Every structure is written in C-alpha cells, then in structure tokens.
4 protein chains.
Amino acid sequence: MKSELIKQSINLFVEKGFSATSIQDIVDTIGVTKGSFYYHFKSKEALLMDIHSHYIDDLLKRQKTILDTEKSHKDKLIAIVELIIVDIEKQGAVGRVYFREIRHLKEENAAVIRQKRADFRNNIEVLLKEGIRANEFRRELQPKIITFAILGITNWSYQWFSVEGSLTVKELSAMYTDFILHGIQSPNASN
Amino acid sequence: MKSELIKQSINLFVEKGFSATSIQDIVDTIGVTKGSFYYHFKSKEALLMDIHSHYIDDLLKRQKTILDTEKSHKDKLIAIVELIIVDIEKQGAVGRVYFREIRHLKEENAAVIRQKRADFRNNIEVLLKEGIRANEFRRELQPKIITFAILGITNWSYQWFSVEGSLTVKELSAMYTDFILHGIQSPNASN
Amino acid sequence: MKSELIKQSINLFVEKGFSATSIQDIVDTIGVTKGSFYYHFKSKEALLMDIHSHYIDDLLKRQKTILDTEKSHKDKLIAIVELIIVDIEKQGAVGRVYFREIRHLKEENAAVIRQKRADFRNNIEVLLKEGIRANEFRRELQPKIITFAILGITNWSYQWFSVEGSLTVKELSAMYTDFILHGIQSPNASN
Amino acid sequence: MKSELIKQSINLFVEKGFSATSIQDIVDTIGVTKGSFYYHFKSKEALLMDIHSHYIDDLLKRQKTILDTEKSHKDKLIAIVELIIVDIEKQGAVGRVYFREIRHLKEENAAVIRQKRADFRNNIEVLLKEGIRANEFRRELQPKIITFAILGITNWSYQWFSVEGSLTVKELSAMYTDFILHGIQSPNASN
DNA sequence: GATGAATGAGTCTTCATTCAT
DNA sequence: GATGAATGAAGACTCATTCAT
C-alpha cells in the first residue's frame, strides 16, 4: 500500500505539480483515508523525499555498474546516455517529478539529493576528462560544460518524449549517442 | 506598478514555484495590498499567462529577425542558440518560470503557449531540414529529434548556469554552438 | 444616469439578490465606473433605501387616491387589489426587491419603511373593519388576519406571475377580487 | 454536529439572509472551526440545498399522507392548509429560508427543488379540479390560479406570523380555511 | 460628473496535520 | 493498520468604499 501511494502520487505530481496535489487527491485515487497516509509517511515532504531518494540511488547504482563494466570511455558514455533515455519508458513519470520538484524538499533533504545529483554529474565529468586525456575526445572541450550539455539533451527528453509515438527509446538513444559522439570525439578517433 | 508586480512575482516563482507562491508573498515584496494585485490582474493564472505570453512572443520576434537577417543555415543556427543562451543573463528568471510552470496555465491558455512553443521549435526544425538539403548538415540526422537535442542543451542551461560564475554567457554560447555544429555538420562542410 | 443605475440595479437584485450583486455588476451594465456610482449614491444601502422609499411612497399615494375616490367599501377593496396586481406589469421587478430585500436596510431605514408598510396594511384593515360594521363583510372575520390573507394573495403573485403568459394582469386581478369577495362578503350582501 | 450546523445556519439565514451570512458566522454560533464545516458540507450552497431538500421532501410526504387519508375534497384541502400553517410553529425558520433563498442554489439544484415545489402545487391544483368536477367547489374557478392564491395566503404567513403573539397557529389555520372555503365553495355545497 | 488606482476587511474554500478510537 | 472528525493557518479572490485628478 505504501508503494501504491508512491505510485499514484507520482502520477499526480506529474499532472498537477507537487504543491497543487493534495494528500486528499492522493488517497482518493486508491480509496483510503488521509489518516492512512500519515501512518506510512511522516509528511507530504517525506513522501517527496522518498521518491527522490529512490530515484537517484537507483540511478547512481546503475551508473556505477556501467563504469565498472564497460571498457572504453566511449562505451561507458554510450551506456550512461542509454541508461537515462531508456528509463523514460519505465520511469518517465518519476523522472519528471525528480527534475521538477526538488524545490519542495526542505533544505536539509534537498542538500542530500543535490549532493547525489552532483555525484552522478561528476562521474560523467570525470569520464569525459579521462576520455580527453586518452585522446578519445577533443582536447578543447570543457568537461564540466559538456556534461551539462549531455544532461540537457537526455533530461530534456523527459519533457517531450512520448512513449506512444512511433519512435522507440532505443532509437532515440542511438540518435543521441551518435549526435553526442560527433560533438565530442577527436577527428582521429576510430569510430 | 503592474510591471513591478510581474518582476517580483517572477523572482518568487523561480524561488518557490508558482503554486507555493501566494499573492500575499508577491504584494508583500513591493508593499501594496492584495486588492491592488487584483486591480491589475484578473487572477493569479492571468499573471502567469502574461509572463508566458510576453516571453515567447519576444523570443519568436527575435527568432524571426535572425531567420530574416542571417545568411547561411549555420549562421542562423548559431544566432538562435546564442539568442537563447545569452538571454539567461537578462531573462534567466523568466525563462525558468517559462520552462517549469506552463502546467499551471488553464488548458485554454496553455494551448496558446504550446502552439507558439511549437512554432519556435518548428522554425529550428525547418532550418535543420534546409541545412541538410543544402548539404551543410549531415544527411542521416532526424531534424525533429535533433531540434529537441539542441533545445535540451540550451534550455537546460537555465537550470544550472549561474551568472555569478567565471564563465560568461558569450563563452557558454560559443562552446555550445561548437559542440552542436560538430554534432551535426557534414564532414565535407567548410567550417 | 441615476435613474439608469436604479433601473439596472433592480434587475440585478431580482436576479441575484442584493448581497450577491456587487457595485461592479451594476456599473458594468451601463458601462460606467464605480466612482460614478458613489457620486450618485452615498452607499449601496442608500441605493436600496431609495428603491424602497419610492416604491412604498408611490403605493401609499395611489392607495390614498383610491380611498378618497371610490365609494363603497367593496369598490375600495377591489381597487386596492387591482392596484397591487396590475402593478406587476409595470413594477414587477421593484416589487420583488421590495418584498425580499428589506432585511438589507440598516435598522434606522428599515424602521421607516416598516412603518409605511404598516400604514398601507392598516388602511386595508380599517377598510375591512368599516365594511364589517356596515354589514358588507362577514361579522366573524378578524380584519387584521384577513388583511394579511389578502396581501398574501396579491404579494405572492409577484413570485410566480409571468407577464409573458396568456393570462393578463387584468384577468388575474378580476379572479382574485372575485375570490376574495366570496371569502369575506356577508351572505346578504348584494353582489 | 452536522444537524447543529444546519439548525444554527437556518436561524442566521432568516436573520441576515443567505449571502450575508458567512461560514464564520455559522461556526461561531456553535464554537467550531471553519474546517469543521467543510468536513460536513461540500460547500455553503450544499448546506442550503440540504435545507431545501429536507423541507420539501418532508412537506411532500405529509401532503401525500393527507391525500391518501382524508375523505372529501374539502377535508383534504383543509388538512393541507393546516399542514402549512401549523408548521410555522415548528418549522417557521426553515420555511422562511425555503421561500426566500432558492435563488442561491445553483441552477442544477434549483431545478430539482423547483420540480418538487411544482409537484406540491400541482397536487393542490388537481384536488381543486376534482372538487369542482364533484360540484363541491365553484365551477367558474381557475384551479391553477386559485392554487396560487391559497399558497399566497399560507406562505405569506411565514413572513408576518409571530408565534409569540396571542393568536395560535390552530386559530390562524381555522380562520384561513374558513376564508378560503367561503371563497371557493359552491353555494349549494353542504357546509 | 467621472475615472483609475488603491485599500483593507472579509469571503468561501483548501489543506497538511493530529488524534482518539 | 486504518478511520472519522476536527483544527488552524493560509489560499485565491471579491467588494464596498475612498480619493486625487
């Protein structure tokens, strides 16, 4: 039931936003009472934190697996882009909450999430730096800025990509890795 | 005074979000009363619509100027990317409201804004198509998808870029046009 | 313009009630501003008092004319009933305001109107008394109570009678005087 | 507590009118908070609808009992008049709300109440028609119009009758049935 | 005579949260 | 685990009224 509450609240947060969604709205979708909600969550904000934590923890874990498993910098990067994009299909709604509603965490919790986000981002930045040093990626790139560009491309997809369209997430992911690699690879890198 | 209300409300919307910002919050910042707010705006949503309308109208107008003025497809694209990025400095806050709060427009108004957003996007898509036909951009690109990638890069900047940092918007803009052009230009295109 | 304000406000008061009608509603119907309203009326309540005063003063004046002019008690009564009923056509809206909104006068003004209403009623009561003494009307009637019955019949008409129907006010008035006279006349009275 | 809210709100509606009575006024009389009110009623209008529904449903039920129980048309009519008048004592306040505030129901609800009012009225009209056919009542009467006259007499009583006066509701009811029967009975009807 | 701008008190309503049962 | 009832603070919005121009 706790997970049911989470699931439905995510849908509502996507649709109406965190502030505009009331506890009543949430419990109504699964036909329980507000009292019940407060048995499972200390507060509305605690629910939001729960959503954020699970999402970023899961992302970090899978990113780590990729970094530990894939061989070349290029392959690692491809896998990470794919990780984010392909997730739209399974986790599109959570993702949208994650990107939009961090503002509504209390500072104490927001700091925790921001740190993990920074870790995720930093892992990509380090990857780019190493790829540059290894001559796989262009020397003149600023890793920090390019990391933001890559995240912009992938994260923005959560705003417009529709799983109901004819394009699959796999195809989108392929197009974006191609685009990104063209953008960063050294001319002499073997494609 | 109406413009003062708009200005302050934008700051608050960025900081706390539309829903979490009360009319009281807004009028307090400039020391007038709620009644005054409602003399100038029919509703809170009308204020938000006002912000959205002005922003996108301005953007479309400047985009049109670029398309009418710049010569090559490449130059047009560069100018449009610059338009969005350099704006962060002057209009960063409005932009953030614009990207995040469209949800809180009532359907009727949201439809108007969505259409204009689609126009803006479509102008870029057409530009890419023509650039491909002119052999300036790579043949295998899907204009629609690449348009979203470009907008992802530029729009996402509004979420992280800080005017207080050492990087200027001009520099950021240069890096991103470079990255994007590498990503889309034909190998045989004269750089 | 003052009379225009009165006319339109009466329509609105009938439709939505005094409290639910705002000054804004009133001035909107004739396209002027609120400031204008306050040039002509000291307050919203003053407008309502104006309506009440004119209505009852006019009614009393015409009642007096009848009492001074008509000969028999029966004819006087018939004329008074006709006075109220036939007015529906010309003054139906004012009448409805007059019957429903006295509550919203401030005590001081309400007292004035209540007194005039009592006068109007009392004139009928006296008429009945004299008719009874003159053996025109039944001895066992209680004048005060029968007065209320007569006013109930006539005043209630303002709630349901529609000038658009096929029945004319003249016809209605005839039916009601017939009904009332049957109710009160002595069996031996010459019809 | 819900019924306490209803009871007190009726008193306030009588005194100040529906629009001029605030939720705060209502809850203050029984010392609870506004939140509480909204736990029990969806809206202020819902409370008003509640009052209207109960009142007319009760009236219709008792009218039906009378029509099913009493024998002659005359007795039925007497009982119905009595039903309305005697009620002043127990339900005077509700009645006044019922007669005055239907305007503040939203159209959807008003239609329901209006239909039931029409049913109540129609039952009397049918009764008159049958009484005429049975030669109990005068042939020249228009049942629809006389129905309104009768209701005018009875309903208007709610506006002026005071239970504190020396006249009892039983006495008033007797006077009015006498007056009405004189108004409608055939000369040859056995009294 | 009329307007535009502002006020401040008040309106209905919503909501996160609590707690006894 | 869950409910029903209540709270109190806050929310968007309305309105009668005022006043300088």
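Residue numbers start from 1 in every chain, and the chains themselves are labelled A, B, ... in the order their sequence lines are given, proteins ahead of strands. None of the values given here were measured: they were computed from a predicted structure.
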Of the listed nucleotides dC12(E), dT17(F), dG8(F), the one nearest the side chain of Ile23(D): dC12(E)
Looking at Tyr158(B), is its backbone amide N or carbonyl O close enough to the side chain of Arg96(B) to form a donor-acceptor pair, meaning the two atoms are under 3.5 Å apart? yes
Inter-nucleotide P distance (dG1(E), dT21(F)), Å rounded: 23 Å
Is the distance from OP1 or OP2 of [N] to the nearest side-chain N or O of [X] less than 4.0 Å?
| X | N | value |
| --- | --- | --- |
| Ser22(B) | dG11(F) | yes |
| Tyr39(C) | dG1(E) | no |
| Tyr38(D) | dT13(E) | yes |
| His40(C) | dA2(E) | yes |

Just how far, in rounded Å, is P of dT14(E) from CG of Asp25(A)? 11 Å
Gln24(C) atom CD is separated from dC13(F) atom P, nearest whole Å, by 16 Å
What contact category does Ser36(C) fall into here, base, sugar-phosphate, or nothing, at under 4.0 angstrom with non-hydrogen atoms? base
Using a 4.0 Å heavy-atom cut-off across all strands, classify Thr21(B) as base, sugar-phosphate, or nothing. sugar-phosphate
Position toward the 5' end of DNA chain F (nearest nucleotide), Glu45(B) or Val32(D): Val32(D)
On DNA chain F, compare the nucleotides closest to Gly35(D) and Phe37(A); which residue's is nearer the 5' end? Phe37(A)
Distance only, no hydrogens: is a donor on one side chain within 3.5 Å (strictly under) of an acceptor on the other, for Arg117(C) and Tyr98(C)? yes
Identify, between Ser43(A) and Ser43(D), the residue whose nearest nucleotide on DNA chain E lies closer to the 5' end. Ser43(D)
Heavy-atom closest contact (Val14(D) atom, Ala93(D) atom, distance): CG2-O, 3.4 Å
Show the numbers, then the answer: is there a side-chain hydrogen bond (donor to acceptor under 3.5 Å, both in side chains) between Asp58(B) and Gln91(B)? CA-CA 11 Å; Asp58(B) 175 61; Gln91(B) 307 225 53; 3.3 Å; yes
